Amino acid sequence: MLDGCGRTIDYLRLSVTDLCNYRCRYCMPPEGVAKRDHGDILSLEELADIARAAVRLGVKKIRLTGGEPLVRRGIVELCRQLRTIPGLQELCLTTNGALLPQLAAPLREAGLDRLNISLDTLRPDRFAEMTRLGHLSDALAGIEAAEAAGFHDLKLDTVLIGGFNDDEIDDFINLTREHPWEVRFIELMPMGPCAEWDKARFLSGDTVLQKVPALQQIESCGVARRYRLPGAMGTVGLISPVNHDFCAQCRRIRVTADGKLKGCLHSAEELPLRGLHGKELEDAIRQGILQKPERHHLTERRSDTPRNMNQIGG
Ligand code: SAM
Ligand code: SF4
């Protein structure tokens, strides 16, 4: 359906947990989040109900996210249920990859169409430093497991962070020479723990084009500007929410793990969906779509949401 600004909304990012096995410095506080009571987060039935209602309203693509979606018990069963929703064209999931060695094959078998794996560095020491709890070898094993399970068109998502990984841009892009992956560089957004970081940490996506002039532009996909190295198997994507404001093309709504509908990642406005069923639930989602904010204000100030990214679903 169309939102209040005439944009088609057909993409739902559905968060299944705010818990995570990592503590990435830009995303979560070092102590993590207090484990909530079971009843505080959406049950698998509620998640499936919301997904069904959203698809009835025109959503064609759902991305499961978090927190780390693979730490949610029942994630494979949820994928199996969502895949049966008539009209849902694409079911995707974003993960840090650490649990893919166990879960990639069952997820594929349950009908998950696509995987995005977040990977901010190819250096083991930096990986441990940024994630606080992670090991690069686990993420690499996750990528391997994903490919072995049949997820060939992987997207690798790298948050560009000045002074942390901007000297690895070449290394990431070189991965596309021999892998059919899309390596995507995402601008760091000022929210949560990184909202007050030094300006030098926040790089424009165009930094990638300056560092690698050989990249040739190809057709865009959604909000990603896309490029390819001559002769490379894979592609490079630039996602620039801050410097190339793509709000006019935004087709998304989000639902947090505690059941709040958000029209915009960066807005403080939230609409509670818990306890609603059938037509009431559909009406609430319709209202949320109609009220979707026109744009964020990241060029003027930090994100307006008081939540950290793991509490929304990136
Ligand atoms: N745990 C999963 C993962 O890391 O892929 C899924 C959830 S995570 C919040 C989703 C994505 O948001 C990750 O690629 C992460 O790097 C990104 N992210 C988190 N905080 C961000 C920020 N402030 N700016 C840009 N991207 C961010
Ligand atoms: Fe966890 Fe993903 Fe946030 Fe890192 S970015 S702390 S892996 S939710």
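We count ligands from 1, going down the list as the structure has it; atoms in each ligand are counted the same way. Please read all numbers here as calculations on a predicted model, not as lab measurements. The first residue in the sequence is number 1, and the count goes up from there.
- Using a 4.0 Å cut-off between charged nitrogen and carboxylate oxygen, E269 and K262 do not count as a salt-bridge pair.
- For ligand 1, the polar-atom distance check finds no N/O of D120 at less than 3.5 Å from any of the ligand's N/O atoms.
- Under a 4.0 Å N-O distance rule, the pair E90/K60 does not qualify as a salt bridge.
- Residue-ligand proximity, M191 to ligand 1, at heavy-atom distances under 4.0 Å covers atoms 23 (N).
- Taking any N or O of T95, backbone or side chain, at least one lies under 3.5 Å from an N or O belonging to ligand 1.
- If you check which protein heavy atom lies closest to atom 27 (C) of ligand 1, you get M309 CE, 3.7 Å.
- A salt bridge links R114 to D153: one of the charged nitrogens lies within less than 4.0 Å of a carboxylate oxygen.
- The nearest heavy-atom contact from the protein to atom 8 (S) of ligand 1 is G66 O, 4.3 Å.
- Across the listed options M130, M28, M189, M189 owns the non-hydrogen atom lying nearest to atom 22 (C) of ligand 1.
- With ligand atoms numbered from 1 in the order given, ligand 1 contributes 2 (C), 3 (C), 5 (O) to contacts under 4.0 Å with heavy atoms of N96.
- A salt bridge does not link R23 to E31: none of the charged nitrogens lies less than 4.0 Å from a carboxylate oxygen.
- One side chain, R63 or N116, offers a donor N or O that lies under 3.5 Å from an acceptor on the other.
- Listed by chain and number, C24 SG are the protein N/O/S atoms closer than 2.8 Å to atom 4 (Fe) of ligand 2, with waters left out.
- A cation-pi contact, defined as under 6.0 Å to the ring centre and within 45° of the axis, is absent between R201 and F164.
- At distances below 3.5 Å, not a single donor-acceptor pair connects side-chain atoms of R295 with backbone N or O atoms of F246.
- Atom numbering of ligand 1 starts at 1 in the shown order; those under 4.0 Å from a heavy atom of T65 are 6 (C), 7 (C).
- The closest donor-acceptor contact from the side chain of E68 to the backbone of N96 lies under 3.5 Å.
- The shortest distance between side-chain heavy atoms of L70 and N21 does not fall below 4.5 Å.
- Each of the following atoms of ligand 1 lies closer than 4.0 Å to a heavy atom of V159: 16 (O), 26 (N).
- Contacts with ligand 1 closer than 4.0 Å are made by no heavy atom of C24, backbone or side chain.
- In this structure, G67 is part of the shell of residues with a heavy atom less than 4.0 angstrom from ligand 2.
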> So V208 and F172, side-chain contact (heavy atoms from CB on, under 4.5 Å) or not? Walk me through it.
Replying inline: CA-CA 11 Å; V208 173; F172 273 107; over 6 Å; no
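- A salt bridge links D206 to R225: one of the charged nitrogens lies within less than 4.0 Å of a carboxylate oxygen.
- When the heavy-atom distances from atom 6 (C) of ligand 1 to G67, G313, P193, P241 are ranked, the shortest goes to G67.
- Heavy atoms from other residues, nucleotides or ligands lying under 6.0 Å from CD of E294 number 12 at most.
- Considering both main-chain and side-chain atoms, Y26 comes within under 3.5 Å of ligand 1 through a nitrogen or oxygen pair.
- With ligand atoms numbered from 1 in the order given, ligand 1 contributes 23 (N) to contacts under 4.0 Å with heavy atoms of C194.
- Looking only at protein heavy atoms, the nearest one to atom 13 (C) of ligand 1 is S118 OG, 3.3 Å.
- A donor-acceptor contact under 3.5 angstrom links the side chains of T256 and D258, judged on distance only.
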